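This report concerns only the one structure given below.
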Amino acid sequence: MTLQTVLNVTSKIFHSVNFNAEPLSMALVAVGIIVLMLVAFGGIVYGLFKVAKVVPHMTTKQFILFLMLVALALVIIGIILP
């Protein structure tokens with residue numbers, strides 16, 4: 001399997017509705033990408049629930065530090081996206 005196969009699969013997933021994965025390698029790459037996306041989504045949801053449980057019990061100093069970390073993360077995401 002080459003990097004070209006990964007590029008073909010991702011371009012077909014994200015750029016067109018017509019997804020035709022006849023070769024076995026393309027099907028395996030597609031399944032792998034879907035599994036990775038599901039694991040990432042599950043981790044994000046789990047983390048959000050943990051944060052929602054912890055935030056009401058934070059001290060003022062911890063809450064301000066938490067807000068600063070969120071702001072820093074948003075700035076970094078804003079820099080990376082364009």
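Remember, it's a predicted structure, so these values are computed and weren't measured experimentally.
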Listed pairs under 3.5 Å, donor-acceptor, residues 56-82 side chains, sequence neighbours left out:
unit_1: T59; atom_1: OG1; unit_2: Q62; atom_2: N; d: 3.3
unit_1: Q62; atom_1: OE1; unit_2: T59; atom_2: N; d: 3.0

Solution key, residues 41-53 side-chain donor-acceptor pairs under 3.5 Å, sequence neighbours excluded:
none

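- Take V39 and apply the side-chain contact (heavy atoms from CB on, under 4.5 Å) test, not counting sequence neighbours, and it matches V35.
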